[in-house]
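Indexing begins at 1, ligand by ligand and atom by atom, following the structure's order.
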Amino acid sequence: MLEGKRIVLGISGGIAAYKVADLTSKLVQAGALVDVIMTEGAQRFITPLTFQALTKRPVRTNIYDDWLGEDTGHVGLAHNADIVVIAPATAHTIARLALGLSDDLISAVYLSTRAPVLIVPAMESGMYSHQATQENIRTLTKRGASVITPGEGHLASGATGIGRLPEVPEIIAAITSTLGKNGPLAGKRVVVTAGGTHEPLDPVRFIGNGSSGKMGYAIAQEALYAGADVVLISGPVALTPPPGVRTMHVTTASSMEAAVRDTVVAADALVMAAAVADYAPAEPADQKIKKAGETMTISLKRNPDILGNLAEIDLPGLVRVGFAAETQDLLDNARQKLDKKRLDMIVANDAVASIGSDSSALTLIKRDGSVEQLPPMPKQESAKLIVKRLAALLTESEMPRTPNA
Ligand code: C5P
């Protein structure tokens with residue numbers, strides 16, 4: 001996602017400036033071209049040489065340096081940028097941006113650029129909470145900038161409170177989603193389910209399956225990168241939710257259904273990648289079940305079919321994508337599910353090869369009957385393609401329908 005992207009990174013004078021060296025290194029490692037610009041204050045905390053060494057590019061500190069014409073100064077930087085990131089953004093820098101000043105490089109680039117802008121405030125909590133700073137942040141947000149809420153915890157002042165620079169992975173996630181502001185899912189709300197479900201037998205045991213959640217998590221991440229506002233409804237899995245994605249943790253099929261119902265009403269698309277248990281113990285025991293005879297019989301009851309039940313509900317404009325993990329008659333079974341659950345697309349895969357694995361060979365079947373066979377590829381790559389197809393389905397669903405069609 002960051003490969004070849006031109007990032008202008010404005011560093012202003014807060015103690016968190018030292019943490020931005022790590023951010024810069026990670027961005028460069030991800031393939032980005034990072035042009036660092038620093039305020040006078042930033043250079044008191046960390047030297048330009050650090051960033052020059054990390055980026056292998058000149059670091060600019062003065063609006064009057066290198067001024068050989070429009071293309072070499074702040075105007076060139078601003079025009080060539082794919083994104084402008086200001087981290088840390090001090091109260092002072094935020095105020096000058098809100099005022100529209102342009103007497104330093106950061107403010108001049110901010111005014112000149114038409115690329116998306118991400119502001120990462122970091123300061124003492126009193127300064128952050130002050131009405132002046134909050135109003136300035138609101139002004140910048142209203143004008144289209146993305147602003148990350150700082151973290152809470154230990155501050156350099158010795159106090160504990162809000163104002164910490166968010167962790168590097170969180171900033172990188174915000175950079176990628178801000179880059180996606182012009183992406184194919186910009187402005188869309190996408191709900192993704194992932195992982196298996198656990199259906200309790202007693203307080204310590206459950207019936208579950210081996211779904212790792214990798215596919216759903218990868219789709220959530222790619223949808224975020226494509227600009228969507230993403231809700232991930234996750235069963236119990238050993239994965240860290242992608243930063244920037246709103247994650248709801250659920251355990252059983254019933255709790256997953258409740259979460260889907262709550263979120264889908266405001267969504268443009270639902271991608272049900274979760275491997276939901278079809279049955280649950282009919283009467284889970286209150287206490288741990290003691291072992292007794294040589295065999296044991298457990299009575300099961302049907303779980304709600306989340307997608308199946310949604311088929312009965314009119315949610316105009318909602319694009320629905322399901323998965324079919326099969327061990328036999330893959331395409332026939334998948335087509336039947338597509339019809340029965342009234343889906344726009346179904347992603348068919350071989351259950352044995354795919355569950356828990358890092359790669360998959362998927363077949364995408366759309367409601368119009370078209371079939372696309374994808375070659376085996378890592379799940380992150382398949383997720384990228386699924387998100388691309390999802391974006392196309394969303395565009396189609398927006399097109400005015402011809403009468404009688
Ligand atoms: O019918 P089957 O379980 O094979 O259908 C798979 C699709 O339906 C998947 O998208 C899965 O997430 C969804 N599903 C569901 N509720 C269930 C079982 C599966 O929504 N109880």
Side-chain angles (χ1 to χ4, degrees), residues 190-200 206-220 223 230-237 239 247-265 267 269-282 300-313 315 318-356 360 362-367 379 382-383 385-387 389-390 393:
V190 177
V191 177
V192 182
T193 65
T197 58
H198 285 184
E199 310 298 335
F206 55 82
I207 296 179
N209 60 57
S211 170
S212 64
K214 284 175 193 159
M215 182 50 96
Y217 274 57
I219 291 171
V230 184
V231 176
L232 172 64
I233 300 172
S234 173
V237 294
L239 296 175
T247 306
M248 299 166 77
H249 294 280
V250 297
T251 314
T252 60
S254 301
S255 57
M256 185 173 278
E257 182 174 49
V260 169
R261 292 267 180 126
D262 278 353
T263 49
V264 92
V265 279
L270 167 67
V271 182
M272 279 287 305
V276 188
D278 292 322
Y279 290 87
L300 302 175
K301 66 173 187 335
R302 268 300 281 271
N303 268 337
D305 182 334
I306 303 172
L307 269 180
N309 290 346
L310 278 185
E312 312 297 321
I313 301 177
L315 292 161
L318 180 76
V319 168
R320 304 156 195 236
V321 178
F323 275 68
E326 304 290 338
T327 53
Q328 56 190 0
D329 301 328
L330 181 62
L331 295 189
D332 281 349
N333 281 326
R335 273 195 199 96
Q336 278 174 30
K337 282 174 195 173
L338 177 95
D339 282 345
K340 200 165 143 232
K341 303 191 189 211
R342 297 186 48 210
L343 305 177
D344 296 279
M345 182 167 82
I346 193 151
V347 181
N349 61 357
D350 179 323
V352 180
S354 177
I355 280 201
S360 52
L362 306 177
T363 307
L364 311 184
I365 308 173
K366 292 209 285 191
R367 188 189 283 189
K379 285 185 174 169
S382 330
L385 275 166
I386 291 169
V387 164
R389 303 296 177 262
L390 175 65
L393 286 171

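Atoms CE and CZ, from M272 and R320 in turn, are 12.0 Å apart once rounded to the nearest 0.5 Å. A distance of 9.5 Å separates OG of S255 from CE of M248, quoted to the nearest 0.5 Å.
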Between S234 and Y217, is a side-chain hydrogen bond (donor to acceptor under 3.5 Å, both in side chains) present by the stated rule, with each step listed? CA-CA 8 Å; S234 173; Y217 274 57; 2.7 Å; yes
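Listed here is the closest heavy atom pair of N303 and A277: ND2-O, 2.7 Å. Counting all heavy atoms, side chain and backbone alike, L338 lies closest to I346 at CD1-N, 3.5 Å.
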Are there any N/O pairs under 3.5 Å between ligand 1 and the protein, and if so, what are their distances?
{"from": "ligand 1", "atom 1": "1 (O)", "to": "K341", "atom 2": "NZ", "distance (Å)": "2.9"}
{"from": "ligand 1", "atom 1": "4 (O)", "to": "K337", "atom 2": "NZ", "distance (Å)": "2.4"}
{"from": "ligand 1", "atom 1": "5 (O)", "to": "K341", "atom 2": "NZ", "distance (Å)": "3.0"}
{"from": "ligand 1", "atom 1": "8 (O)", "to": "K341", "atom 2": "NZ", "distance (Å)": "3.0"}
{"from": "ligand 1", "atom 1": "10 (O)", "to": "M272", "atom 2": "O", "distance (Å)": "2.7"}
{"from": "ligand 1", "atom 1": "10 (O)", "to": "F323", "atom 2": "N", "distance (Å)": "2.8"}
{"from": "ligand 1", "atom 1": "10 (O)", "to": "F323", "atom 2": "O", "distance (Å)": "3.4"}
{"from": "ligand 1", "atom 1": "12 (O)", "to": "M272", "atom 2": "O", "distance (Å)": "3.3"}
{"from": "ligand 1", "atom 1": "12 (O)", "to": "A274", "atom 2": "O", "distance (Å)": "2.7"}
{"from": "ligand 1", "atom 1": "16 (N)", "to": "D305", "atom 2": "OD1", "distance (Å)": "3.4"}
{"from": "ligand 1", "atom 1": "16 (N)", "to": "I306", "atom 2": "N", "distance (Å)": "2.9"}
{"from": "ligand 1", "atom 1": "20 (O)", "to": "I306", "atom 2": "N", "distance (Å)": "3.3"}
{"from": "ligand 1", "atom 1": "20 (O)", "to": "L307", "atom 2": "N", "distance (Å)": "2.9"}
{"from": "ligand 1", "atom 1": "21 (N)", "to": "P304", "atom 2": "O", "distance (Å)": "2.8"}

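Applying the salt bridge (Lys or Arg N to Asp or Glu O under 4.0 Å) test to pairs two or more places apart or on separate chains, those with a residue in residues 325-335 are E326-K337, D332-R335.
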